[in-house]
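Remarks on the structure that follows.
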2 protein chains.
Amino acid sequence: MGDEIWFTEQQTEDLRLGVRVSGVLHRARSAFQDVVVVDTPSHGHLLALDGFVQTTDLDEHCYHEMLAHVAASSHDMPRRALVIGGGDGGLVRELLRHGLAVDLCEIDEAVVTASRRYFPALAGSLDDPRVTVHIADGIAFVAQQRQAFDLIYIDSSEPVGPGEGLFVPAFYRTAAAALRPGGMVVAQSESPFYNLDVLRRVRAGMAAGFPDVRTYLGPVPTYPSGTWSYTVASLGPDPSAPVRPAPAGLRFYTPDVHRAAFALPAFLREALA
Amino acid sequence: MGDEIWFTEQQTEDLRLGVRVSGVLHRARSAFQDVVVVDTPSHGHLLALDGFVQTTDLDEHCYHEMLAHVAASSHDMPRRALVIGGGDGGLVRELLRHGLAVDLCEIDEAVVTASRRYFPALAGSLDDPRVTVHIADGIAFVAQQRQAFDLIYIDSSEPVGPGEGLFVPAFYRTAAAALRPGGMVVAQSESPFYNLDVLRRVRAGMAAGFPDVRTYLGPVPTYPSGTWSYTVASLGPDPSAPVRPAPAGLRFYTPDVHRAAFALPAFLREALA
């Protein structure tokens, strides 16, 4: 019956999250990482890369909506966005709600293939005519662009392996050059409780290319600590102030949630000062 | 070496959190529940009751500060508070920062005893001359009070076992009678992601005795989903608006965090409407 089959993520050396599994749907080694999809009674389908939960049906909207809509709603008229990573399509789906053209640059085709099959509510977005999918290295892709995008999103896995170069100053200098005036780059920047080192590294990287770097928070139940940080670097707009109404149909994001997400706990405000 | 000893909480039927254990400090069966204290490399001391994490050195301030200071900072001049449950002393410690007299009514002396020994930074508050500790049933205690408190806090364990009667309308009617005019009662109301039924039950219970019931959220990494809900019922003040500055020395709460905590995600606003 699979009742006592568990997917267990070793979140840190000293912490584990276990999710009961009703079936193993997909398990493969791609050129870059282990790609696993399991079905669960509590969280629906769950995608893990190298053992780290990326997406579950239950809470993917918490992550994708907060990643997408804060910057997108703070820009007065975005037209074109680039997503680096994000092969599950969830972030692209959210960006399409703003009527944007979206380029997705995912290094691992295996993630896109598995997501098309097991996460159709996310990866269906990749078939939209406004979307161009590039199976390519995001760092090289960004380096070739000049003032091409209003918004760039780093929807990567952990900063080890292929994602590592997305967390350094050199990358953010090329990202700044790839943005149009008034553009913004947003990166997932890990747990403010367990990965403060990563968060600091992202902020330092961004500061090399941008005058304004700000961190905001939101819940994601299946990510370590249940609270996730996002960091946005802006060439102009104030990312904490929505200037356009929320798209219809959202389950998490509201303009009030947007503003509230920038109210950092005392310990974090101090740690990032 | 204890390297592969883990404390595992069965958070829901389908979800587990594991924390690596460096030592088992205390393990006993009280008249009411299993009381366990372990030492961990990542979270310091950890207190569990009937297998559920109540307090860890790492994140207890996230919970206790958000439970204490939202209502306390929204009241223009609180003088006396009652805590039901909360035998670890963490909430009392926070309330003392407001200069209040505090009555603690904890049903299980074993929790107080273990906390005095293994959580001195929390339970040390119970030795303050402004604090009176009652080892008694909170429901019966509240029923004997008339306009005695400005603030009542329900810092209970899960709504099964001894805590069950703290979640029903009859209790909140007696709580309203135990409050002075302009008083507030605050309850921890579980995870907005995994325990929406409990949250709804707390709100329905409070609505029987109070004209104004509001829910706010905050992160607690070791609680299920990592995001916790708190529900406050008011006889007067707007609990979302701090009217006094934050006490000194806090690690989590700020007045901005206070206001932001009431910005509920779209799904929750809808679920509670």
Side-chain angles (χ1 to χ4, degrees), chain A residues 3 6-22 40-43 58-59 61-62 65-66 191-194 216-228 246 248-271, chain B residues 3 6-22 40-43 58-59 61-62 65-66 191-194 216-228 246 248-271:
Chain A
D3 284 344
W6 291 76
F7 168 87
T8 301
E9 173 177 331
Q10 189 82 34
Q11 295 188 318
T12 71
E13 197 184 332
D14 302 314
L15 205 64
R16 292 177 176 163
L17 184 74
V19 186
R20 186 188 298 275
V21 167
S22 45
T40 74
S42 56
H43 288 67
L58 182 88
D59 64 356
H61 62 285
C62 304
E65 291 189 16
M66 288 305 283
S191 165
F193 292 101
Y194 299 146
Y216 63 96
L217 304 179
V220 186
T222 58
Y223 285 4
S225 84
T227 295
W228 215 238
L250 301 189
R251 289 177 283 166
F252 195 92
Y253 175 96
T254 73
D256 281 346
V257 166
H258 177 152
R259 282 180 286 263
F262 287 85
L264 302 184
F267 83 91
L268 188 59
R269 210 168 56 176
E270 195 173 311
Chain B
D3 285 343
W6 291 77
F7 168 86
T8 301
E9 173 178 331
Q10 189 84 32
Q11 295 188 317
T12 71
E13 195 184 335
D14 302 314
L15 206 63
R16 291 175 177 164
L17 184 75
V19 186
R20 187 188 297 276
V21 167
S22 47
T40 74
S42 56
H43 289 67
L58 182 88
D59 64 356
H61 61 286
C62 303
E65 291 190 16
M66 288 304 284
S191 164
F193 292 101
Y194 299 146
Y216 62 96
L217 305 179
V220 186
T222 58
Y223 285 3
S225 84
T227 294
W228 216 239
L250 302 189
R251 290 177 284 166
F252 195 93
Y253 174 96
T254 73
D256 281 347
V257 166
H258 176 151
R259 283 179 285 261
F262 287 85
L264 302 184
F267 83 90
L268 189 58
R269 210 168 57 176
E270 194 173 312

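Throughout, a chain's letter reflects where its sequence line sits, starting with A, and its residues are numbered from 1.
A:Arg269 touches chain B through its side chain: at least one heavy atom from C-beta onward sits under 4.5 Å away, while N, CA, C and O do not. For A:Leu217, no part sits under 4.5 Å from any heavy atom of chain B, backbone or side chain. Both the backbone and the side chain of A:Leu17 come within contact range of chain B, judged by heavy atoms closer than 4.5 Å. For A:Phe7, no part lies under 4.5 angstrom from a heavy atom of chain B.
Summarising the geometry, atom CD belonging to B:Gln10 is positioned 6.5 Å from atom CZ belonging to A:Arg20; distances are rounded to the nearest 0.5 Å. We find the OG1-CZ distance between B:Thr254 and A:Phe267 to be 12.0 Å, quoted to the nearest 0.5 Å.
For the set A:Arg251, A:Arg259, A:Met66, the count of heavy-atom pairs under 4.5 angstrom toward chain B peaks at A:Arg251. Contact count against chain B (heavy-atom pairs under 4.5 Å) is highest for A:Pro221 among A:Pro221, A:Ala260, A:Pro224, A:Pro41. If you tally non-hydrogen atom pairs under 4.5 Å between each of A:Val19, A:Thr8, A:Leu250, A:Thr12 and chain B, the highest count goes to A:Val19.
Annotation: side chain of B:His43 is in contact with side chain of A:Leu15 (closest heavy-atom distance under 4.5 Å).
Closest of all the heavy-atom pairs between A:Gly226 and B:Thr227 is O-OG1, 4.0 Å. The nearest pair of heavy atoms linking B:Tyr194 to A:Leu58 is CE2-CD2, 3.7 Å. Residues A:Asp256 and B:Ala263 share a closest heavy-atom pair of O-CB, 3.6 Å.
Taking the six-membered ring for Trp and thresholds of 30 and 60 degrees, B:Phe252 and A:Phe193 have nearly parallel ring planes, at less than 30 degrees apart.
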